[in-house]
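Here the structure comes first, spelled out in C-alpha cells, and everything after it is commentary.
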Amino acid sequence: MSASTASKKRKRDAEDAGKPTLALSTQPASQVGPVLASFPCLDPPKSTAFKCYVQKGADKNAPFETQPTIVAGEAETVEFFTADGPLSSTGCSYMIGVHDKRTNTTTLRPAPMHILTRQVKALKNLRPIEVSTEERMAQRNNLGEAFGTKKAKAAIRARERNRVDIDAMKDVTGHLQDTIMQNTETLPTAEEAKATADSSRLIPPYNADAQSPRDVYALHDIIPEAEFNALPISAFKSAKSDKDRIALLPLNRSDWLKLQLKLIYSAPKPNKTDLKIVYYISSMMALLKNSRNLGDKDALQQRLSRIPTIVLDGLISRFAEVERATNKPKMTPQTETMLLTHMFALCLRIEDYAADVETIAHDLSMPPTKVTNLYKSLGCTIKRLGPQELKERGLPDSAAETKRAVLKVPLEFPKNRVKRARR
C-alpha cells in the first residue's frame, strides 16, 4: 500500500468518526411516545400542558402512531384539541429523532401528526341567535339592493310585488274554502277517474273480473264472428310443406307467422281455430304494411287479394278514420295503436299468453320498447320464463333467454305517472 493511499483512508475514517449514527427506537411500538402537533391559527403559551387520549375500544397492541388518539390542552382563556384525529396520508409518515451527544447516536421513533384547533372558553356555551326566514330574506334583499346587478334588483322587486300578505288573507280564508268546496264537488273520485281512464284505453274490450287469462279478451270481441267464419283455410289441407302453407297467407314475410304455422302442423291434428287466428293476424299485418293505400280501395283489394272482402272492409271500418276533406279512410296514430293492441291480444292467445316480444317487433319493423309498452297496456308483465313455465307451454330450454309478455290475472293496467312540478 502506498503512503498516499494510506493517508486518504485515515482521513476518511476520521471524517466518518465525526458523523452521528442513526438507529430506530427499541421501545415497543404500542408504547405511548412523542406526538407532533401543528397550530394553524393560534400558538398556545409555552406553559400549556397537553394530554393524549385514546379512543375507547381501540386496539392497544397496535403501533402508537396508528391508534385513534386525541391531543387536548387548556390555557387560561383558550382550549386546544385535535380537529379530526391523527393526520394520515398514503406514503407519508412522521418520525421524531432524539440525539445522544455522549454516544453520537440519533434514535428515531414514528410519531402521529395532529392538527389542533381552538375554542374560546368565554364563547363555549353561547348559542347562535336564530334568524327567522323573513329576517334572512330581508337581509338577502338588502345585500341584493346594495351590490346586486340590475337583473337581481328587478327580481327582488318582483318578489316583493308578488308577496302575499297573510294577515290580509285572514278575513277571506273561510270564503275561499267554501268556494273551493263548491267547485270540487263535481270532480270525479279516484275510483271514477280510474274507471274513465280504463274505458278510454286503446285496447280490445276486456273482462276485468276474469279468473284466467283466456277469459280476459274474448275472441269474437276482436274478430267478429262473421269475419271469423269467412277466413279461408281449406287450401291449407292440400299444402304439403311449411313453405306452401306460408305462401297462402296474406303476408308471408314474417318469422313469427312461419313459426306458428310450423307449431300448428307439428301437432297430430291441426287446430282450426288457431289457424284462423294466425290467418287473421297475417291480414292485420298486411293492412298495416299497406296503411298508406287505404284511400284507393280497388288498388288495396288487388294488393291484398288473399283477404276476403268482408274481412278487409271490417278491418278498415274499425282501424281507420274517414277524412272530412277527401272522404277517404286513413289510419291515424290512435287507430294504428288499436290495430296493434288487437293484434297482440290475438298473439297472446296463440302463444299461451306468453308472447315473444322481439320476434314480432322485428317482423313489424318496430322498436322492441314500443311493442313492450303496447303489451303492458294490455295488462302484461315483461319477463323471462322459468323452467316450470317453459315446460307448461312446451317451449325449449333455449327460450329462457327471450323476454316474453305474460298476461296474468287479476288484470292490472300500468298506472299513469304523476309528473312533479318544476320549481
Side-chain angles (χ1 to χ4, degrees), residues 188 193 195-206 217-232 249-254 256-257 276-349 355 357 360-380 413-414 416-417 419:
T196 303
D198 291 345
S199 63
S200 61
R201 295 181 185 276
L202 300 176
I203 60 175
Y206 60 91
Y217 299 104
L219 175 60
H220 292 306
D221 286 341
I222 303 174
I223 310 177
E225 194 167 357
E227 296 179 24
F228 185 81
N229 294 331
L231 293 171
L249 295 177
L251 180 74
N252 49 35
R253 294 181 180 179
S254 168
W256 188 89
L257 293 172
K276 285 193 173 187
I277 293 174
V278 169
Y279 196 99
Y280 195 81
I281 293 173
S282 175
S283 303
M284 299 174 88
M285 288 183 175
L287 182 68
L288 187 62
K289 295 284 186 181
N290 293 273
S291 59
R292 295 183 179 180
N293 301 321
L294 297 185
D296 190 348
K297 187 176 180 180
D298 294 336
L300 184 66
Q301 185 69 62
Q302 188 175 0
R303 290 174 66 90
L304 305 179
S305 57
R306 293 188 179 278
I307 303 178
T309 304
I310 185 175
V311 175
L312 184 60
D313 291 343
L315 290 173
I316 294 174
S317 64
R318 290 193 300 277
F319 304 115
E321 294 181 359
V322 178
E323 290 185 299
R324 292 183 179 180
T326 61
N327 199 29
K328 292 182 178 181
K330 179 182 178 182
M331 189 173 290
T332 64
Q334 289 76 18
T335 57
E336 180 182 338
T337 301
M338 284 285 288
L339 174 66
L340 289 170
T341 54
H342 281 66
M343 182 195 305
F344 293 160
L346 294 175
C347 293
L348 285 169
R349 175 179 285 269
V357 175
I360 198 74
H362 178 267
D363 291 347
L364 296 175
S365 301
M366 294 173 59
T369 52
K370 182 177 180 180
V371 176
T372 297
N373 290 332
L374 290 173
Y375 269 114
K376 287 181 178 179
S377 69
L378 291 169
C380 297
F413 293 113
N416 295 327
R417 294 182 179 180
K419 294 183 179 180

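Taking all atoms of both residues into account, the shortest heavy-atom contact from L378 to A345 is CD1-N, 3.9 Å. Summarising the geometry of Y280 relative to I222, their closest heavy-atom pair is OH-O, 4.1 Å, with the distance given to 0.1 Å. Shown here for L249 and R306, the closest heavy-atom pair between the two residues is O-CD, 3.5 Å. Between K370 and E336, the shortest heavy-atom contact is NZ-OE2, 4.0 Å.
T337 is linked by a side chain to side chain donor-acceptor pair (under 3.5 Å) to nothing, counting only residues two or more places apart in sequence or in another chain. The side chain to side chain donor-acceptor pair (under 3.5 Å) check on N229 picks up nothing, with sequence neighbours excluded.
Between L202 and S377, every side-chain heavy-atom pair lies at or beyond the 4.5 Å cut-off. Residues I307 and P250 are in side-chain contact: their nearest non-hydrogen atoms beyond the backbone lie under 4.5 Å apart. Taking 4.5 Å as the limit, some side-chain heavy atom of M285 sits within range of a side-chain heavy atom of I360. With a 4.5 Å cut-off on side-chain heavy atoms, L340 and L364 count as touching. At a threshold of 4.5 Å between non-hydrogen side-chain atoms, the residues S291 and F319 do not count as touching. Counting heavy atoms from C-beta outward, D296 and N293 have side chains that stay 4.5 Å or more apart. For the pair P224/R318, a side-chain contact is recorded, criterion being any heavy-atom separation below 4.5 Å from C-beta on. Between I223 and K276 the shortest side-chain heavy-atom distance does not fall below 4.5 Å.
Once rounded to the nearest 0.5 Å, the distance linking NZ of K289 with CZ of R253 reads 9.5 Å. Within the model, atoms CD1 of I277 and CG of L231 stand 9.5 Å from one another, a figure rounded to the nearest 0.5 Å. Taken from CG in L300 to OG in S305, the straight-line distance is 10.5 Å, to the nearest 0.5 Å. The structure places CD of E321 at 9.5 Å from CD of E323, a figure rounded to the nearest 0.5 Å. Summarising the geometry, atom CD1 belonging to I281 is positioned 10.0 Å from atom CZ belonging to F344; distances are rounded to the nearest 0.5 Å. In this structure, CG in L315 is found 8.5 Å from CE in M331, a value given to the nearest 0.5 Å.
Without hydrogens or angle criteria, T372 side chain to P368 main chain gives a donor-acceptor distance under 3.5 Å. Between the side chain of R349 and the main chain of Y217, a donor-acceptor pair closer than 3.5 Å is present. Using a distance-only test at 3.5 Å, with no hydrogens or angles considered, no donor-acceptor pair links the side chain of S254 to the main chain of D363.
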What do the steps show when you test L304 against L251 for side chain to side chain contact (heavy atoms under 4.5 Å, CB included), and what is the final call?
CA-CA 9 Å; L304 305 179; L251 180 74; over 6 Å; no

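For the pair K297 and D313, the salt-bridge criterion is met [side-chain N within less than 4.0 Å of a carboxylate O].
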